[in-house]
**Q** 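Sharing a structure with you now.
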Amino acid sequence: MSEKHVAVLLADGFEDAEAVVFIDIMRRLDIKVDVLSCMESTVLNTYFGTRISADDTLKNCAANTYDAVMMPGGPQGTDNLSANPAVIEFLKRHIAQGKWICALCSSGAKVLAAHHLLQGRHYTTGDKLADKFSDGEFQLKKVVVADNFITGRGLGVSFEFSFTVAKMLLADNRAKVDHQASHIYFDHWPL
């Protein structure tokens, strides 16, 4: 089993817990994570004002290829991601290569659907956001897997979302994912 590598794209205003839960679950499962700031600095401000430092910037790592790319929600954070051409190009390249594209909360609508990256696929996102975009088929579900896209509704399903991503990345070792869910007393797994 080769080591899996995930990029987490963050911009000022991202949803604190959505990012931290995802990073935590990936690292517990020995999935390498690069936390990438999509701003000029690696020091970021979250939706609720927590200061978090990224490992590096997207600018420095734009040429890297990852097994999965994850984006948390957060109103300002997803606005910042969506407005950044480097983010959209990075996502397009990973989509073209069939890599996992993982969007939690508003990032499904405000980044993927807003830039027609879903190409009509089923997805989920935060309340009423799907109404603003024509791309994608919204489903009122906690987590939706459609081709190489994994979307989650919001903070309340961060664990379900994270374990779903891990299950796809570690398809040859799902027992490890199940064990870790049990180990942290997460009772809502498997979905």
**Q** Under the rule for salt bridge (charged side-chain N to carboxylate O under 4.0 Å, His left out), what residues qualify as partners of Asp24, not counting sequence neighbours?
**A** Arg28

**Q** Could you pull out the closest heavy-atom pair between Thr57 and Glu40, with the gap in Å?
**A** CG2-O, 4.0 Å

**Q** Above 12 or not: heavy atoms from other molecules or residues under 6.0 Å from CZ of Phe138?
**A**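 Counting other residues, nucleotides and ligands, CZ of Phe138 exceeds 12 neighbours.
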
**Q** What distance do Lys167 atom NZ and Glu160 atom CD have between them, rounded to the nearest 0.5 Å?
**A**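 Nearest 0.5 Å value for the NZ-CD distance: 12.0 Å.
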
**Q** Got a donor-acceptor contact below 3.5 angstrom from the Asp16 side chain to the Phe48 backbone?
**A**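 Yes, Asp16 side chain to Phe48 backbone: donor-acceptor pair under 3.5 Å.
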
**Q** Taking Asp30 first and then Lys176, would you say they form a salt bridge - that is, a charged N and a carboxylate O separated by under 4.0 Å?
**A** yes

**Q** Show the nearest heavy-atom pair for residues Leu104 and Gly154, with the distance to one decimal.
**A**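 Smallest interatomic distance, heavy atoms only, reads CD1-O, 3.8 Å.
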
**Q** Identify the two heavy atoms, one from Pro72 and one from Leu9, that lie closest to each other, and give their separation to 0.1 Å.
**A** CD-O, 3.4 Å

**Q** Going by heavy atoms in the side chains, are Thr151 and Thr125 under 4.5 Å from each other?
**A**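 No; the side chains remain at least 4.5 Å from each other.
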
**Q** Given 3.5 Å as the limit, does a donor-acceptor pair link the side chain of Glu15 with the main chain of Ala17, or not?
**A** yes

**Q** Looking at Lys142, is its backbone amide N or carbonyl O close enough to the side chain of Thr124 to form a donor-acceptor pair, meaning the two atoms are under 3.5 Å apart?
**A** no

**Q** Do the rings of Trp189 and Phe163 sit parallel, tilted or perpendicular, given the 30° and 60° boundaries?
**A** tilted

**Q** With a 6.0 Å cut-off (strictly less than), is the heavy-atom count around OH of Tyr66, excluding the residue itself, greater than 12?
**A**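 Yes, because the 6.0 Å sphere around OH of Tyr66 holds more than 12 heavy atoms from other groups.
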
**Q** Can you find a heavy atom in the side chain of Ile150 that is under 4.5 Å from one in the side chain of Ile101?
**A**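 Side chain of Ile150 against side chain of Ile101, heavy atoms only: no contact under 4.5 Å found.
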
**Q** Can you say whether the rings of Phe22 and Phe161 are parallel (under 30°), tilted (30 to 60°) or perpendicular (over 60°)?
**A**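 It falls in the tilted class, 30° to 60°.
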
**Q** More than 12 heavy atoms of other residues, nucleotides or ligands under 6.0 Å from CD of Gln97: yes or no?
**A** yes

**Q** Apply side-chain hydrogen bond (donor to acceptor under 3.5 Å, both in side chains) to the pair Thr78 and Ser106, showing each step before the final yes or no.
**A** CA-CA 7 Å; Thr78 51; Ser106 59; 3.1 Å; yes

**Q** Quick check: closest heavy atoms across Glu3 and Asp67, and the distance to 0.1 Å?
**A** O-OD2, 4.0 Å

**Q** Looking only at heavy atoms, which two atoms of Leu117 and Phe149 are closest? And how far apart?
**A**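 Closest approach of Leu117 to Phe149: O-CZ, 3.4 Å.
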
**Q** Heavy atoms, side chains only, cut-off 4.5 Å: are Glu18 and Ser107 in contact?
**A**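 A side-chain contact is absent here, since even the closest heavy-atom pair is not under 4.5 Å.
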
**Q** Checking the side chain of Lys110 only, and the main-chain atoms of Pro75 only, is there a donor and an acceptor separated by less than 3.5 Å?
**A** yes

**Q** Answer yes or no: is there a donor N or O on one side and an acceptor on the other, between the side chain of Arg93 and the main chain of Ala62, under 3.5 Å?
**A** yes

**Q** Keeping Ser162 on the side-chain end and Ser158 on the backbone end, is there a donor-acceptor pair under 3.5 Å?
**A**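 The answer is yes, because a donor-acceptor pair under 3.5 Å joins these two groups.
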
**Q** Test salt bridge (Lys or Arg N to Asp or Glu O under 4.0 Å) on Asp55 and Arg27 and set out the steps.
**A** CA-CA 14 Å; Asp55 299 317; Arg27 289 182 173 162; 3.4 Å; yes

**Q** Val20 and Ile31: same hydrophobic cluster, using ILVMFWY side-chain contacts below 4.5 Å?
**A**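 Val20 clusters together with Ile31.
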
**Q** Take Met71 and Leu112 through the test side chain to side chain contact (heavy atoms under 4.5 Å, CB included) and record every step on the way to the result.
**A** CA-CA 10 Å; Met71 298 170 291; Leu112 299 179; 3.9 Å; yes

**Q** Are Val143 and Met70 linked, directly or through intermediate hydrophobic residues, by side-chain heavy-atom contacts shorter than 4.5 Å (ILVMFWY only)?
**A**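 Same cluster.
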
**Q** Under a 4.5 Å side-chain heavy-atom rule over Ile, Leu, Val, Met, Phe, Trp and Tyr, are Val43 and Ile23 clustered together?
**A**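 The answer is no; the residues belong to distinct hydrophobic clusters.
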
**Q** Please examine the side chains of Val165 and Met26, heavy atoms only from C-beta on, and report whether any two atoms are closer than 4.5 Å.
**A** yes

**Q** Do His115 and Ser82 have side chains that approach each other closer than 4.5 Å (heavy atoms only, starting at C-beta)?
**A** yes

**Q** Counting only N and O atoms by type, is there a donor-acceptor contact under 3.5 Å from the side chain of Asp56 to the main-chain atoms of Leu36?
**A**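 Flag not set: sc Asp56 to bb Leu36 has no pair under 3.5 Å.
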
**Q** Looking only at heavy atoms, what is the nearest atom pair of Cys61 and Phe90, with distance?
**A**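 Answer, listing the atom of Cys61 first, then Phe90: O-CE1, 4.0 Å.
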
**Q** Between Val35 and Val33, is a side chain to side chain contact (heavy atoms under 4.5 Å, CB included) present by the stated rule, with each step listed?
**A** CA-CA 6 Å; Val35 180; Val33 177; 3.9 Å; yes

**Q** Is there a side-chain contact between Asn84 and Cys38 (heavy atoms, below 4.5 Å)?
**A**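 Yes; the side chains approach each other to less than 4.5 Å.
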
**Q** Just do the side chain to side chain contact (heavy atoms under 4.5 Å, CB included) check on Cys102 and Met168 with the steps written out, would you?
**A** CA-CA 11 Å; Cys102 313; Met168 298 306 180; over 6 Å; no

**Q** I'd like to know if the side chain of Thr46 reaches the main chain of Thr50, judged simply by a donor and an acceptor atom lying under 3.5 Å from each other, with no hydrogens or angles considered.
**A** yes

**Q** For the backbone of Asp12 and the side chain of Asn45, can you confirm whether one donor and one acceptor N or O come within less than 3.5 Å of each other?
**A**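 It does not hold such a pair.
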
**Q** Without swapping roles, check the side chain of Gln180 against the backbone of Leu29 for a donor-acceptor pair under 3.5 Å.
**A**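 No, because the side chain of Gln180 does not come within donor-acceptor range (under 3.5 Å) of the backbone of Leu29.
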
**Q** Take atom NZ in Lys141; do more than 12 heavy atoms of anything else shown fall under 6.0 Å from it?
**A**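 No - once you tally the heavy atoms of other residues, nucleotides and ligands closer than 6.0 Å, there are 12 at most.
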
**Q** Does the pair Arg121/Asp135 count as a salt bridge with the N-to-O cut at 4.0 Å?
**A** no

**Q** The test is side chain to side chain contact (heavy atoms under 4.5 Å, CB included); show your working for Val145 and Thr164 and say whether it passes.
**A** CA-CA 9 Å; Val145 179; Thr164 299; 3.7 Å; yes

**Q** Show, in sequence, the C-alpha distance, side-chain angles and deciding distance for His94 and Thr65, and conclude whether the side-chain hydrogen bond (donor to acceptor under 3.5 Å, both in side chains) test is met.
**A** CA-CA 7 Å; His94 282 80; Thr65 299; 4.8 Å; no

